[in-house]
Amino acid sequence: MKLEVKKLCGGYGSKLVLEDLDFELESGSVTALLGANGCGKSTLLKMIGRILTPKSGSILLDGKAVGEYDTAELARKMAILPQLHQAPGDLTVAELTAFGRFPHKKGRIGLNAYDREMIGDALQMTRLYDLRNRPVGTLSGGERQRAWIAMTLAQEPEILLLDEPTTFLDVCCQFEITELIRKLNRERGITVLMILHDLNLAAGCSDRLIMLKDRRIYCSGAPGEVLTVPNLCAVFGIEAKIIPNETGVPYCLAVGSVRGDSKS
């Protein structure tokens with residue numbers, strides 16, 4: 001499934017947050033959005049997910065504007081997991097996951113055999129099947145995030161939008177979540193667009209990085225093309241060293257701030 005963003009502009013009220021964005025998501029790829037706080041990453045995800053209406057430009061899904069899809073049809077093709085999400089504490093993991101089947105029910109009451117199969121499959125994929133009867137409120141942070149991803153997986157989307165899926169998680173849980181996302185991509189062919197703040201996590205699990213600055217795309221490309229000393233200085237205001245690992249994936253070692261320095 002092809003997602004195209006063309007001349008996209010948007011923001012809140014009279015404030016323009018993003019201007020003239022052009023990019024295309026390659027089907028079956030993982031792309032991470034990077035940039036300083038307030039640069040418009042979440043705004044972009046909301047516009048693609050039809051939570052926020054763009055001021056101008058277009059967002060096309062297989063050549064059709066996302067605004068032309070009815071809600072259920074769009075939800076069968078694309079799922080979005082916002083940064084902040086909450087469920088009643090007594091809702092079980094299985095019950096939360098079952099919400100992902102709503103776009104497929106088409107007026108049906110209750111779950112059919114295929115719905116239950118997809119819910120079980122999503123729980124297995126996220127390693128939550130043994131916790132399916134646990135209330136969501138009793139889960140750890142990493143388990144809770146996997147439960148929300150299970151809900152989106154039960155939705156059977158072709159495109160998955162994730163807003164900071166590793167926020168507030170410890171280092172091990174962050175790796176678990178990004179490894180799960182990559183597994184969904186490789187085994188299910190799900191196209192992923194996500195926001196990450198950890199540059200090294202982004203480099204390690206993404207095919208492509210997009211950096212935003214001053215309302216526009218500053219640079220985009222493979223991790224090795226984007227994570228460079230000049231780009232990190234310009235976009236994040238940091239002095240950094242780039243150390244490739246044995247497979248060539250670049251890792252960033254931040255050594256200081258250059259904000260207010262003449263170099264920035």
Side-chain angles (χ1 to χ4, degrees), residues 30 32-33 37 41-42 45-46 49-51 71-72 74-76 78-105 108-188 190-198 200-202 204-206:
V30 176
L33 288 171
N37 290 338
K41 300 183 297 296
S42 294
L45 236 59
K46 288 176 183 176
R50 217 170 67 177
I51 295 172
T71 300
L74 184 64
R76 290 192 293 270
M78 183 165 62
I80 181 168
L81 187 58
Q83 180 182 359
L84 300 176
H85 36 70
Q86 207 165 16
D90 57 351
L91 195 72
T92 69
V93 172
E95 289 168 339
L96 175 63
T97 305
F99 281 118
R101 297 306 301 163
F102 280 6
H104 298 271
K105 294 176 75 171
R108 284 188 290 105
I109 297 175
L111 302 170
N112 62 21
Y114 184 73
D115 290 329
R116 287 189 287 272
E117 180 185 346
M118 290 299 98
I119 292 165
D121 185 59
L123 292 170
Q124 292 281 9
M125 193 77 176
T126 53
R127 294 186 291 108
L128 289 171
Y129 191 80
D130 290 342
L131 300 178
R132 63 191 181 279
N133 295 319
R134 281 269 300 273
V136 174
T138 67
L139 301 179
S140 69
E143 290 167 341
R144 193 176 298 119
Q145 190 69 317
R146 282 191 278 130
W148 284 98
I149 292 175
M151 184 192 72
T152 63
L153 184 56
Q155 199 171 317
E156 292 186 274
E158 296 180 57
I159 296 177
L160 183 57
L161 309 176
L162 301 168
D163 192 345
E164 299 188 36
T166 60
T167 298
F168 307 127
L169 301 181
D170 64 38
V171 173
C172 182
C173 287
Q174 289 179 29
F175 278 112
E176 286 182 345
I177 294 299
T178 54
E179 287 165 2
L180 170 60
I181 291 166
R182 195 62 184 173
K183 183 178 181 181
L184 296 177
N185 164 256
R186 287 172 176 160
E187 297 185 8
R188 303 298 172 90
I190 297 175
T191 302
V192 179
L193 177 64
M194 61 181 169
I195 296 170
L196 288 175
H197 278 295
D198 189 304
N200 295 328
L201 275 180
C205 71
S206 305

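Note that the coordinates shown come from a computational prediction; the quantities given were computed from them, not determined experimentally.
A heavy-atom distance below 4.5 Å is not found between the side chains of Gln83 and Lys41. Put simply, the side chain of Leu196 reaches to within 4.5 Å of the side chain of Cys205, judged on heavy atoms. Between Thr126 and Thr97 the shortest side-chain heavy-atom distance does not fall below 4.5 Å. Residues Leu45 and Leu193 have side chains in contact (heavy-atom distance under 4.5 Å, counting atoms from C-beta outward). Within the 4.5 Å cutoff, the side chain of Pro165 has no heavy atoms near those of the Leu81 side chain. A heavy-atom distance below 4.5 Å is found between the side chains of Leu153 and Arg188.
In this structure, CZ on Arg186 lies 12.5 Å from CD1 on Ile181, to the nearest 0.5 angstrom. In this structure, Thr191 OG1 and Asn185 CG are separated by 7.0 Å, a value rounded to the nearest 0.5 Å. Between the CE atom in Met118 and the CG atom in Asn112 there is a gap of 10.5 Å [rounded to 0.5 Å]. Distance check, rounded to the nearest 0.5 Å: CD of Glu179 to CG of Leu201 gives 9.5 Å. Taking OG1 from Thr166 and CD from Gln145, the interatomic distance works out to 8.0 Å, rounded to the nearest 0.5 Å. Rounded to the nearest 0.5 Å, atoms CD1 (Ile51) and CG (Leu161) are 8.5 Å apart.
The existence of a salt bridge linking Glu156 and Arg101 is confirmed by a sub-4.0 Å separation between a basic side-chain nitrogen and an acidic carboxylate oxygen.
No donor-acceptor pair under 3.5 Å is formed between the side chain of Arg132 and the backbone N or O of Ala94. Judged by distance alone, with hydrogens and angles left aside, the side-chain atoms of Gln174 form a donor-acceptor pair with the main-chain N or O of Leu169 at under 3.5 Å.
The nearest pair of heavy atoms linking Glu143 to Leu131 is OE2-CD1, 3.7 Å. Minimum heavy-atom separation, Ala122 to Ala150: CB-O, 3.4 Å. Heavy atoms only, all atoms of each residue included: Pro157 and Ile190 are closest at O-CG1, 3.7 Å. Closest approach of Gln155 to Pro103, counting heavy atoms only: CG-CG, 4.0 Å. Heavy-atom minimum distance, Leu111 versus Arg116: O-NH1, 2.8 Å. The two residues Gly142 and Cys173 have their closest heavy-atom pair at CA-SG, 4.0 Å.
In this structure, a donor-acceptor pair under 3.5 Å is present between the side chains of Thr71 and Arg50.
Atom CZ of Phe175 has 12 or fewer neighbouring heavy atoms from other residues, nucleotides or ligands inside a 6.0 Å radius.
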